[in-house]
Structure formats: structure tokens, C-alpha cells
S.K.: 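Pasting a structure below so you can have a look.
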Amino acid sequence: MKRHLISATDLSRDDAVLILDTAEEMGRIADRPIKKLPTLRGRTVVNLFFEDSTRTRISFEAAAKRLSADVINFSAKGSSVSKGESLKDTALTLQAMGADAVVIRHHDSGAPHRLATSGWIGGCVVNAGDGTHEHPTQALLDAYTIRRRLAAGAAAGTDLAGRRITIVGDILHSRVARSNVQLLHTLGAEVTVVAPPTLVPIGVEHWPCAVSYDLDAVLPKSDAVMMLRVQRERMNAAYFPTEREYARRYGLDGERMAKMPGHAVVMHPGPMNRGMEITAEVADSPRCTAVEQVTNGVSVRMAVLYLLLGGAEPAATKETHE
Ligand code: NCD
């Protein structure tokens, strides 16, 4: 594995399968009465969040704590960043505190790459979402959820060969889509993105996926359908006529869900816009894995931190009684 996790392209098939297998081991710890391993004791993980987050931030925090690391949470709001402090000076402060890993979410695409290659910090860097660029741990937890839910189960060593995954919605602004298309392809899945033409990025023909504008045609051929949030905060123009029109063409409701094969699941990274890309009926149905994805996120991030920080002991052999 590489030293940093900035993009899904940093991962080979074997790296990705190793993370999924390690996450399985980590997941078993969540079922124990004491959900803690001593593996990263004495290591410091800094969560550096320049952009709002609910799931990802608490997920990384829970992951680091379950591995016994010391966790420092930094959010730009209320820090000296609001006084104009640069990424460099913030990074140098973290370095002075001895951060072994920095988990960064930033509104600018490329900020984690800058942090990893600048020499400002010595620890490893994990991208927790940068602008519209990438969100590799989200893609890993999505792949993990798909592997667990679909027939082959969570058998160690397996990838997603031949699985048909459809990603629907605001592809243009979605770092989740970019990381997922790449990682799912690395794992052998066949990926199709579906969106209104205005929300399909320029250059999509170079992505390792098919493109469709017809959701109803793709649904019956999907093993998993991933619905994406319409990211209003990143839109500076009108990309579709009305919300109602968007929901009618690209939203998933009960009637549409019925077109999916019986075994197929509905996914959503959250936060959901109920009534827009997904109806409440679908979001609350047992076929929707949104809550499971959050649970799985902790196991996957434990695996990533464990593997990047090179825990010397096998991941899940020892139980602590602290
Ligand atoms: C996503 C994100 O922040 O990129 N959410 C997440 O990490 N769970 C998707 C989104 O904001 O719509």
C-alpha cells in the first residue's frame, strides 16, 4: 500500500481487497462488549475538517478511538483558519503536535494531495473528501457494503467481479461518484452512471464506466443502485428545470425500485434529500443500506488507519480490558 490515501487510484485490486478483508476483522470487534483494540496506542490521529461533515467526521473519530489512538478534532469553524491562517501554517501546527495521521476534508480539490506532498507534515494523509474530486474511504465502505450484501458474501479475498453497479444523480459535483467509479472498476465491477446531461462531467468518456440518461432502462440490470445527493451548495447555475422535474426523471421511488432485481440494494452516502433523489418510502425500506453504510464506515476506516499506520500486531488478536 502507498503511504497516503488521496485517491481511489492509489489502491491496487490487492490493496483494496486487503482493506475490505481487514475491515471484516474490524467489524467483528464492534460486536464485542468492549469495542477496543490496543493497536494504535500512543499514536495521534488528527481530524482536520475544513468543510461540514456529520458521518465522515464521527466515523473517523470512532475508528481511531476503537484502535486506541489519541484523537484531535480540528474544525475550521472556530479556529484560526477563520482569521486567515493558511493550510501550511495549520499543517505546521499539527506537525508540531506530532500527528501520525492527518485525516483531511477540504473544500478545495487537491488540498490533501498538497498536504501529502508538501513536506509540511511527516505523518500519513487520508483524504476524507476534497471539493468535487475524491472521497476514497466512502468508496471503500460502499464496496464493503456491496460485497457483504450480495451473494458472494464477505468471503475473504473476493472482489466485485461482474457486479453491475449504477450510480445516479449529481455526478458532476460528486467526489463520491469519482472515487466509486474508479474503485468499483478496480474491483472488477461494471459501473454505469446515470444523470441528466447537465450533471454529467466533461471528460466522462475517459472514466471506466458506461453513461446513461435513462434510469428506468438501467434499473433492471443493476445489482446495486447508488443514489447521490443533488449538491445545491456547489451549483452556480440552474442544472435542471425544477426539483419536481428532477425527481420525476432521476429520483428513486417505490414504483421504480420495483424494477430492480429482487436481490438488488439501494445505497446512499448521506446526507439524503428525501423527496428529491430518493423518496422516504425507498429510504426507509429494508433494501436501502444507508444506515448500514454508516456502520460499515467505521470498520473500513479502522482498517485504513490500521494498515497505513502499520500496526505491528495482527489486527484483531488481542482484546484489551482497559
Ligand atoms: C458525501 C460527501 O460529503 O462527499 N457525504 C459523505 O461523505 N457521507 C456526499 C454528499 O455530501 O452528498
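As the structure lists them, so they are numbered: ligands from 1, and atoms in each ligand from 1.
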S.K.: Out of all atoms in ligand 1, which are within 4.0 Å of some heavy atom of Q138? Include the element for each.
M.R.: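 In order of numbering, the contacting atoms are 6 (C), 7 (O), 8 (N).
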S.K.: Would a single hydrophobic cluster contain both L305 and I58, if residues Ile, Leu, Val, Met, Phe, Trp and Tyr are joined by side-chain heavy-atom contacts under 4.5 Å?
M.R.: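 Looking at the clustering, L305 is in a separate group from I58.
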S.K.: Suppose we measure from atom 8 (N) of ligand 1 to each protein heavy atom; which comes out shortest, and what is that distance?
M.R.: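 Heavy-atom neighbour on the protein nearest atom 8 (N) of ligand 1: P269 O, 3.0 Å.
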S.K.: Given that the side chain starts at C-beta and the backbone is N, CA, C, O, which of these parts of E51 lies under 4.0 Å from ligand 1, counting heavy atoms, or is it both or neither?
M.R.: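 It is neither; nothing of E51 touches ligand 1.
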S.K.: Quick one: which ligand 1 atoms are inside 4.0 Å of a heavy atom on R105?
M.R.: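 Counting from 1, the qualifying ligand atoms are 2 (C), 3 (O), 7 (O).
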S.K.: Side chains of E61 and N47: any donor to acceptor distance under 3.5 Å?
M.R.: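 Checked: N47/E61 side chains show no N/O donor-acceptor pair below 3.5 Å.
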S.K.: Identify whether the distance between the nearest side-chain nitrogen and carboxylate oxygen of D284 and R274 falls below 4.0 Å.
M.R.: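 Result for this pair is yes, salt bridge flagged.
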S.K.: Considering only distance and modelled atom types, tabulate donor-acceptor pairs under 3.5 Å from the side chains of residues 194-207, sequence neighbours left out.
M.R.:
{"residue": "T198", "atom": "OG1", "partner": "Y239", "partner atom": "O", "Å": "2.6"}

S.K.: Does the Lys NZ or Arg CZ of R105 fall within the cation-pi geometry relative to F49 - under 6.0 Å from the ring centre and within 45° of the axis?
M.R.: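 No, cation not above the ring by the 6.0 Å, 45° rule.
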S.K.: Of L5, L11, D10, which is the lone residue that meets side chain to side chain contact (heavy atoms under 4.5 Å, CB included) with S7?
M.R.: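 Result: among L5, L11, D10, D10 is the only option passing the side chain to side chain contact (heavy atoms under 4.5 Å, CB included) with S7.
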S.K.: What is the nearest protein non-hydrogen atom to atom 9 (C) of ligand 1, stated with its residue, atom name and distance?
M.R.: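 Checking every protein heavy atom, the shortest distance to atom 9 (C) of ligand 1 gives G270 O, 3.6 Å.
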S.K.: Is any N or O atom of P271, backbone or side chain, closer than 3.5 Å to an N or O atom of ligand 1?
M.R.: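 Among all N and O atoms of P271, none is under 3.5 Å from an N or O of ligand 1.
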S.K.: What protein heavy atom sits nearest atom 12 (O) of ligand 1, and how far off is it?
M.R.: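 Of the protein heavy atoms, R229 NE, 2.7 Å lies nearest.
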S.K.: Looking at atom 7 (O) of ligand 1, what's its closest protein heavy atom, distance included?
M.R.: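 Its nearest protein heavy-atom neighbour is H135 NE2, 2.8 Å.
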S.K.: For atom 2 (C) of ligand 1, tell me which residue out of E134, H173, R175, Q293 has the closest non-hydrogen atom.
M.R.: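 When every heavy atom of E134, H173, R175, Q293 is considered, R175 comes closest to atom 2 (C) of ligand 1.
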S.K.: Any nitrogen or oxygen of V176, main chain or side chain, under 3.5 Å from a nitrogen or oxygen of ligand 1?
M.R.: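 No.
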S.K.: My understanding is that only residues two or more places apart in sequence, or in another chain, count here; which of them pass ring-ring contact (aromatic ring centres under 6.0 Å, His included) with F50?
M.R.: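 If we apply the ring-ring contact (aromatic ring centres under 6.0 Å, His included) test to F50, skipping adjacent residues, the hits are F74, H106.
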